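Quick caveat, the model's predicted, so the values are computed rather than measured. FYI, side chains are in, hydrogens and waters are out, and symmetry mates aren't considered; it's all heavy atoms of this structure. Residue numbers start at 1 and run along the sequence shown.
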Amino acid sequence: MAVNDEGTLLVSCSIDGTVRVWDVLVAEFGGDAGQRDSRDKDTATASAAGLGFLEKVDAFGCPVQPRRLLTGHVGWVNAVAIEDTTVVSGGSDHTVRIWDALSGTLLRIISDLFTTRDLDLGVFTIAIH
């Protein structure tokens, strides 16, 4: 799993070949986080003053709501990262996929990252720089 810097979106990857995008719910997250995301008026964002995501989880629990189901990998999705609203996933299908978390749009596929598939490991680590 990974959380964006704002603490508003959480992404998870799974052995079922999917990536899931979750909204972190403000109303349930405590504090003065009453702001709404201008891109989606129905979705609250987490911005409790002075608290990081893990501190919010410790203080209030971790209520989340599903936003998007991203499909396209063949086999397990082993790694995921998020920056702002861009999600990057890597799978056992030897591809890296770049998505828009808000719309669910697949932006790019980077395939055949290995010169040989003899090891058949796939992508196990993702970092956005």
Closest non-hydrogen atoms of C13 and A79, given as atom of the first, atom of the second and distance, are SG-N, 3.8 Å
Task: Flag for H73-T18: side-chain donor and acceptor within less than 3.5 Å - done: no
Check your understanding: Hey, are W99 and S89 close enough side-chain-wise for a donor-acceptor pair under 3.5 Å?
Key -> yes
*asked:* side-chain contact (heavy atoms from CB on, under 4.5 Å), that's the test. Do H94 and V123 meet it? Break it down for me.
replied: CA-CA 6 Å; H94 297 258; V123 178; 5.6 Å; no
CG (D84) and CD1 (I128) are apart, to the nearest 0.5 Å, by 9.0 Å
Q. Should L70 and R20 count as side-chain neighbours, where that means a heavy-atom distance under 4.5 Å?
A. no
dist S111:OG -> R97:CZ (nearest 0.5 Å) comes out at 8.5 Å
Going by chain and number, the hydrophobic cluster around W76 (ILVMFWY, side chain to side chain under 4.5 Å) further includes I15
Single-linkage hydrophobic cluster V19~V74, side-chain heavy atoms < 4.5 angstrom | no
The reported gap from CD1 in I82 to OG1 in T8 (rounded to nearest 0.5 angstrom) is 7.0 Å
Do I110 and I98 have side chains that get closer than 4.5 Å, going by heavy atoms? yes
side-chain contact (heavy atoms from CB on, under 4.5 Å) evaluation trace for S92 with N78: CA-CA 7 Å; S92 60; N78 305 315; 3.9 Å; yes
Practice prompt. Kindly work out whether a path of hydrophobic side-chain contacts (I/L/V/M/F/W/Y, heavy atoms less than 4.5 Å apart) joins V88 to L107.
Written response: yes
### Task
For the residue pair L9 and V21, establish whether any side-chain heavy-atom pair is separated by less than 4.5 Å.
yes
message: With heavy-atom distances below 4.5 Å as the criterion, would you say the side chains of V80 and I126 are in contact?
response: no
Output for pair (S103 OG, R68 CZ), nearest 0.5 Å, gives 6.5 Å
* To do: Verify the distance criterion only: is there a donor paired with an acceptor across the side chains of D93 and T95 at less than 3.5 Å?
  => yes
Test side-chain contact (heavy atoms from CB on, under 4.5 Å) on N4 and E83; report intermediate values, then the result.
CA-CA 5 Å; N4 68 350; E83 183 174 297; over 6 Å; no
Is there a donor-acceptor pair closer than 3.5 Å between any side-chain N or O of S14 and the backbone N or O of D16?
yes
Value for CH2 (W22) from CZ (R67), rounded to nearest 0.5 Å, stands at 13.0 Å
Starting from the C-alpha separation in whole Å, work towards a yes-or-no answer on side-chain contact (heavy atoms from CB on, under 4.5 Å) for D100 and T86.
CA-CA 5 Å; D100 177 70; T86 302; 5.7 Å; no
